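The structure under discussion appears below in the form of structure tokens.
Just so it is clear, the model here is predicted, and its values are computed rather than measured.
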Amino acid sequence: MVLAAWLVSFTYAWITWMPDASATSAFKRHHQQCLASMKQTRVRETRMRKDDNTKVWPLKREQLLHIEDHDFSTRPGFGGSPVPVGIDVQVESIDSISEVNMDFTMTFYLRHYWKDERLAFPSTTNKSMTFDHRLIQKIWVPDIFFVHSKRSFIHDTTVENIMLRVHPDGNVLFSLRITVSAMCLMDFSRFPLDTQNCSLELESYAYNEEDLMLYWKHGNKSLNTEEHISLSQFFIEEFSASSGLAFYSSTGWYYRLFINFVLRRHIFFFVLQTYFPAMLMVMLSWVSFWIDRRAVPARVSLGITTVLTMSTIVTGVSASMPQVSYIKAVDVYMWVSSLFVFLSVIEYAAVNYLTTVEEWKQLNRRGKVSGVYNIDAVQAMAFDGCYHDSSETDVDQTSFSLQSEDDSMRAKFTGSPCTDLSRIKRKSTGGNVGRIILENNHAIDTYSRIVFPIVYIIFNFFYWGLYV
């Protein structure tokens, strides 16, 4: 009986405790699998960090560089020799050149190289770490500024274009992308056939030669440019790097670096817009030498038109230039061309005056007989505005008498001066117009047709030979 009771108890205990044991075993197996998965995740993360050691977790970078353990308000090696800071520049573009403001705008990459042992960190792979602009505020960086700059800014799209790279031995590379507008002292005495020399100057603002030594990192190769750099009005002849010292009476000597570039202006635009129109106006003014000296409206209007056109060209050129106190090359050409145009007007004034004087002298020599004049064809043309061939025009003592004032008014309303009222027989000139004009020319017109073009051609030879 006792044996049967013991067997029943053992069977009940077995049925009760066996599921708990199975659950415990399953829980232990699941826990072991979780531990193995976490271990594998840590291994993968460690492998990824080893593959890219330049990326550091934000929570550990300050601890790794010991930033909190040092005072970065002072330069590296404070109290000792000046810290060497190497510079190199990659010019991306020259955005604009302004003659009116006498400045230029340039975009480039500015890179600084120096060594700060306070930033040294242990590394088994000897790989550098790269940071963005957020670390710049916590460490020492060179205080480079641009001398004679008017405006400058660091590009911030999509974030601030600043990069900091720290090597295990403490060597630092600090790079930024910046645009600067700086002054350029231009000489316009040869404009627009000029060549301009501009420079961008870099210097430390606070640290003189006793604290900071600024130098080109790779010598003459420290200045690099993009191959596609081009300007609308200029051709970039040369880029060069140089260095020197600048003295300030209150603070001492400072190292200064120069980015020099030479710009030569394209002349073709100004030939089309300025020189060629001026040449045309000068040659157009010579047309008046071939117009009959009695065609007063034609010659006067032509002269005034060319003078006004030259004034417009000169005004347009001056409006796009700075108001300098010296004479420019384009001013020489414009004013000499204007002088030629003006002299062509003065030439006709002289021709007209001398012709009038000559005619009055002829009238005085022939005398006055009973109020009747004996006039030739030229004088008849002066009176009635029409040409009369002197060999075919018969004028006697009674054929042309001075009209009274009433007769003059009657002639004005009843017909043209070339009608029978003048009682002068006209002959058709036919094909003899050229011969008649040549025979009727004044000597000044004849000489002007030769002298004006020759002198202007000689002037152009001297001008382009001197400035080009």
**OP:** Return the set of residues passing salt bridge (charged side-chain N to carboxylate O under 4.0 Å, His left out) with Lys217 (not counting sequence neighbours), or none when no residue passes.
**Re:** none
Original post:
Under 6.0 Å between ring centres, would you say that holds for Tyr348 and Phe289?
Top reply: no
**OP:** Please lay out, stage by stage, how Trp253 and Phe247 fare under the test ring-ring contact (aromatic ring centres under 6.0 Å, His included).
**Re:** CA-CA 4 Å; Trp253 292 90; Phe247 177 74; 4.9 Å; yes
**OP:** State, with a plain yes or no, whether a side-chain heavy atom of Val287 is found less than 4.5 Å away from one of Leu302.
**Re:** yes
Original post:
Which heavy atom of Val314 sits nearest a heavy atom of Ser338, and at what distance?
Top reply: CG2-OG, 4.0 Å
Subject >> Test item: Tyr215 and Ile87 side chains (from C-beta on) under 4.5 Å apart, heavy atoms >> reply: no
Original post:
What residues, two or more places apart in sequence or in another chain, satisfy side-chain contact (heavy atoms from CB on, under 4.5 Å) together with Ile154?
Top reply: Ile162, Leu176, Ile178
**OP:** Count the heavy atoms of every other residue, nucleotide or ligand shown that sit under 6.0 Å from OH of Tyr113, and state whether that count exceeds 12.
**Re:** yes
Subject >> Note, Val330 side chain near Met334 side chain (heavy atom, < 4.5 Å) >> reply: yes
Original post:
With a 4.5 Å heavy-atom cut-off, do Met163 and His133 have their side chains touching?
Top reply: no
**OP:** Answer whether the closest heavy-atom distance between the side chains of Met106 and Val91 falls below 4.5 Å.
**Re:** yes
Subject >> Residues which pass ring-ring contact (aromatic ring centres under 6.0 Å, His included) with Phe153, listed by chain and number, not counting sequence neighbours >> reply: His155
Subject >> Inter- and intrachain pairs under disulfide (SG to SG under 2.5 Å), touching residues 202-256, at least two apart >> reply: none
Subject >> Heavy-atom pair of closest approach, residues Ser98 and Met186 >> reply: O-CE, 3.8 Å
Original post:
Do the charged groups of Arg75 and Asp143 touch, with an N to O distance under 4.0 Å?
Top reply: no
Original post:
Just wondering, do Asn208 and Leu212 contact through their side chains at under 4.5 Å, heavy atoms?
Top reply: no
Original post:
Which word best sums up how the rings of Phe261 and Phe239 line up, parallel for under 30°, tilted for 30 to 60°, or perpendicular for over 60°?
Top reply: tilted
Original post:
Residues in ring-ring contact (aromatic ring centres under 6.0 Å, His included) with Tyr255, at least two apart?
Top reply: none
Subject >> Cation-pi check, Arg449 onto Trp290 ring (under 6.0 Å, within 45° of axis) >> reply: yes
Subject >> Lys150 with Asp103: basic N within carboxylate O range, under 4.0 Å >> reply: yes
Original post:
With sequence neighbours left out, which residue pairs that include part of residues 208-312 fulfil the disulfide (SG to SG under 2.5 Å) condition?
Top reply: none
I'd like a table of donor-acceptor pairs (distance under 3.5 Å, sequence neighbours excluded) in which one partner is a side-chain atom from residues 457-468, with atom names and distances.
{"residue": "Asn460", "atom": "OD1", "partner": "Tyr333", "partner atom": "OH", "Å": "2.8"}
{"residue": "Asn460", "atom": "OD1", "partner": "Trp464", "partner atom": "NE1", "Å": "3.3"}
{"residue": "Asn460", "atom": "ND2", "partner": "Tyr456", "partner atom": "O", "Å": "2.8"}
{"residue": "Tyr463", "atom": "OH", "partner": "Tyr275", "partner atom": "OH", "Å": "2.7"}
{"residue": "Tyr463", "atom": "OH", "partner": "Ala329", "partner atom": "O", "Å": "2.8"}

Original post:
What disulfide (SG to SG under 2.5 Å) pairs are there with at least one residue in residues 141-259, not counting sequence neighbours?
Top reply: Cys184-Cys198
Original post:
Quick one: salt bridge (charged side-chain N to carboxylate O under 4.0 Å, His left out) partners of Lys328, sequence neighbours excluded?
Top reply: Asp331
Original post:
Taking the side chain as C-beta and beyond, is there a heavy-atom pair between Arg165 and Met129 under 4.5 Å?
Top reply: no
**OP:** Using the test salt bridge (charged side-chain N to carboxylate O under 4.0 Å, His left out), find all partners of Glu237 that sit at least two apart in sequence or belong to another chain.
**Re:** Arg264
**OP:** Of all the heavy-atom pairs spanning Ser181 and Thr105, show the shortest one and how long it is.
**Re:** OG-OG1, 2.9 Å
**OP:** Please report the closest heavy-atom contact between Asn260 and Ala241, naming both atoms and the distance.
**Re:** ND2-C, 4.5 Å
Subject >> Pairing residues for Arg265 by the salt bridge (charged side-chain N to carboxylate O under 4.0 Å, His left out) criterion, not counting sequence neighbours >> reply: Glu99, Asp194
Original post:
With distance as the sole test, does Thr274 use its side chain to make a donor-acceptor pair with the main-chain N or O of Val271 at under 3.5 Å?
Top reply: no
Subject >> Test: Arg299 and Glu347 ion pair at under 4.0 Å >> reply: yes
**OP:** Given side-chain contact (heavy atoms from CB on, under 4.5 Å), test Arg293 with Asp445 step by step and report yes or no.
**Re:** CA-CA 8 Å; Arg293 55 179 172 171; Asp445 277 342; 4.2 Å; yes
Original post:
Do any N or O atoms from the side chain of Ser318 and from the backbone of Thr315 form a donor-acceptor pair under 3.5 angstrom?
Top reply: no
**OP:** Can you sort out the partners of Thr74 under side-chain contact (heavy atoms from CB on, under 4.5 Å), two or more places apart, ordered by chain and number?
**Re:** Asp71, Phe78, Arg118
Original post:
Which atom names give the shortest non-hydrogen contact between Ala295 and Ile291, and what distance separates them?
Top reply: CB-CG2, 3.8 Å
Original post:
Are any non-hydrogen side-chain atoms of Leu164 and Leu173 less than 4.5 angstrom apart?
Top reply: no
